[in-house]
Participant: 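Structure below; questions to follow.
Worth saying up front: this structure is predicted, and the values here are computed from it rather than measured. Just so we're on the same page: letters track the sequence lines, and every chain starts at 1.
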Protein chains: 2
Amino acid sequence: MTRAEECPEEFDPTRLLTPRAREVLEAARTLLERDGWAALTMRALADELGIAAPSLYKHFASKDALKSQLVAVGLKDFGEALRPVTSVAALVRRYREVAGANPELYRLATHGPLDRDALPPGLEDWSGSPFFEATGEPYRAQALWAAVHGMVILELDGRFPTGSAPKATWDELANHFS
Amino acid sequence: MTRAEECPEEFDPTRLLTPRAREVLEAARTLLERDGWAALTMRALADELGIAAPSLYKHFASKDALKSQLVAVGLKDFGEALRPVTSVAALVRRYREVAGANPELYRLATHGPLDRDALPPGLEDWSGSPFFEATGEPYRAQALWAAVHGMVILELDGRFPTGSAPKATWDELANHFS
DNA sequence: TACGGTGGGCTAACAACGTTAGCCACCAAG
DNA sequence: CTTGGTGGCTAACGTTGTTAGCCCACCGTA
């Protein structure tokens, strides 16, 4: 497997966080991936850290702010994992792998509107640019991204009849864009 | 615009509901589309109906049960709107239209795992079968559905840089599957 | 005519949630 | 020695889904 490239420093969402806040964020990510977003309450997170729930507000202004940071971390990690870009087929394969390895974070990062003000400027574009690099054309890039996201999210949510998308469906999609 | 075909009676999610429960469900749908899922609290719904929140439990066992009914109604309506199937291009266009006309219901019906036990048996398959009819092949059908869903949901959530997907992106996708 | 079941409403209350207010301990820098 | 930032605490609030328990209007039957 090709090595992921590191994210430019200015896109690192944790850059401005205090060390303790980084610990909180890490614990939140662990809990999120273990039990899902619905189970990630402020009290549960505080318990995990051995502190009381209101103490969390010393590090994050609100649960929504924490969520935005998780989303930002997701965009960064996913963007990293997709580089370097070799081919459309490899990009699609890698996208599926990394989403499958972090299903709850992927869901969180891609579901619903994006609070762009809470993101490091440029991170969103950077995380999506592998699709442009792979296709060399913005409309194709968007269409490919949308298609792959649709496959991933439906597969993660068990929406396909068999519970997951068969290889044949993935091949079908990859072929259309190669 | 071609006429939508009616859903087979046995797939109608409201078939076993009491008339009053149907009214509650309709009010819920109205409120959902007006204010979004987050604002659809049991108390808000009760207010809309001029009753007290606990009275809702005479008609639905839980908020989750109500949600399942809304999802079922969505699957039925969307499935109806996609028929009769003429071409891939027309199906894709229609899918985008109907989702855009009921964005909150579409989000609700397609986000997260599906509680299949709460659905009329066969409804899920029936609502998705236009994609099979359009492609004539199950893997192509799944891939097309996933791609179109990805486009729709990213567009509804304002995830594309411009806020919505340009026609060129939609054309790109439609061409790949025609 | 009396009666019981069913459908549909009510108030009071609970636990869990995100969140705020206010207080306190530590510790480095002036 | 005091000042300010950092990071914790308890108590409490409003909102949420939900339950318990009660009430009443209707309606077919004995």
Participant: To the nearest 0.5 Å, how far apart are CZ in A:Arg22 and CD in A:Gln69?
Facilitator: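 Atom-to-atom, A:Arg22:CZ and A:Gln69:CD are 10.0 Å apart.
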
Participant: For each nucleotide in nucleotides 22-27 of chain C, reading 5' to 3', give B when a protein heavy atom comes within less than 4.0 Å of its base, S when such contact involves only the sugar-phosphate, and - otherwise.
Facilitator: ------

Participant: Looking at CG of A:Leu75 and CG of A:Leu119, how far apart are the two atoms once the value is rounded to the nearest 0.5 Å?
Facilitator: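 A:Leu75 CG to A:Leu119 CG: 5.5 Å, rounded to 0.5 Å.
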
Participant: Hey, which of these two, A:Ala61 or A:Ala38, hits DNA chain C nearer its 5' end, going by closest nucleotide?
Facilitator: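 It is A:Ala38 whose nearest nucleotide is closer to the 5' end.
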
Participant: Of the options C:dC17, D:dG8, D:dT16, whose atoms approach the side-chain atoms of A:Ile51 most closely?
Facilitator: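 Selected nucleotide: D:dG8.
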
Participant: What's the closest nucleotide to the side chain of B:Thr18 if the choices are C:dG8, D:dT18, C:dC17?
Facilitator: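 Among the listed nucleotides, the one closest to the side chain of B:Thr18 is C:dG8.
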
Participant: Have B:Arg83 and B:Ser129 got a donor and an acceptor in their side chains that come within less than 3.5 Å?
Facilitator: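 Result is yes, a qualifying pair exists.
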
Participant: Here's a test for you: under ring-ring contact (aromatic ring centres under 6.0 Å, His included), which of B:Tyr95, B:Tyr106, B:Phe78 qualifies with B:His149?
Facilitator: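 When ring-ring contact (aromatic ring centres under 6.0 Å, His included) is applied between B:His149 and each of B:Tyr95, B:Tyr106, B:Phe78, only B:Tyr106 qualifies.
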
Participant: Could you state the atom-to-atom distance from CG of B:Leu40 to C1' of D:dT16 in whole Å?
Facilitator: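 So the CG-C1' distance, B:Leu40 to D:dT16, works out to 12 Å.
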
Participant: Whole-Å distance between D:dG17 C1' and B:Lys63 NZ?
Facilitator: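 In whole Å, D:dG17 C1' lies 8 Å from B:Lys63 NZ.
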
Participant: Would you mind telling me which residue lines up with the more 5' stretch of DNA chain D, A:Pro19 or B:Met42, judged by nearest nucleotide?
Facilitator: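 Its nearest nucleotide being more 5', the pick is A:Pro19.
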
Participant: Using a 4.0 Å heavy-atom cut-off across all strands, classify A:Ser55 as base, sugar-phosphate, or nothing.
Facilitator: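 Result for A:Ser55 = base.
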
Participant: Distance criterion of 3.5 Å, no angle test: do you see the side chain of B:Arg20 paired donor-to-acceptor with the base of C:dG7?
Facilitator: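 Under the 3.5 Å cut-off, the side chain and the base do not form any donor-acceptor pair.
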
Participant: Checking contacts here: which listed nucleotide (D:dG7, C:dC10, D:dT10) is nearest the side-chain heavy atoms of A:Pro54?
Facilitator: D:dT10

Participant: Which nucleotide wins on minimum distance to the side chain of B:His59, given the candidates D:dT18, D:dC9, C:dG8?
Facilitator: C:dG8

Participant: Would you kindly give the CG-to-P distance between B:Leu56 and D:dT16, to the nearest whole Å?
Facilitator: 13 Å

Participant: For B:Ala46 versus B:Ala52, what's the shortest heavy-atom pair and its separation?
Facilitator: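 Looking at all heavy atoms of both residues, the closest pair is CB-C, 3.6 Å.
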
Participant: By nearest atom, which of the nucleotides D:dT18, D:dC9, D:dG7 is closest to the B:Ser62 side chain?
Facilitator: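 It is D:dT18.
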
Participant: Calculate, to the nearest 0.5 Å, the distance between atoms CD and CG belonging to A:Gln142 and B:Leu154 respectively.
Facilitator: 9.0 Å

Participant: For B:Tyr139, does the OH atom have more than 12 heavy-atom neighbours from other residues, nucleotides or ligands under 6.0 Å away?
Facilitator: no

Participant: Looking at the side chain of A:Tyr57, which of C:dT19, D:dT10, C:dG9 is the nearest nucleotide?
Facilitator: C:dT19

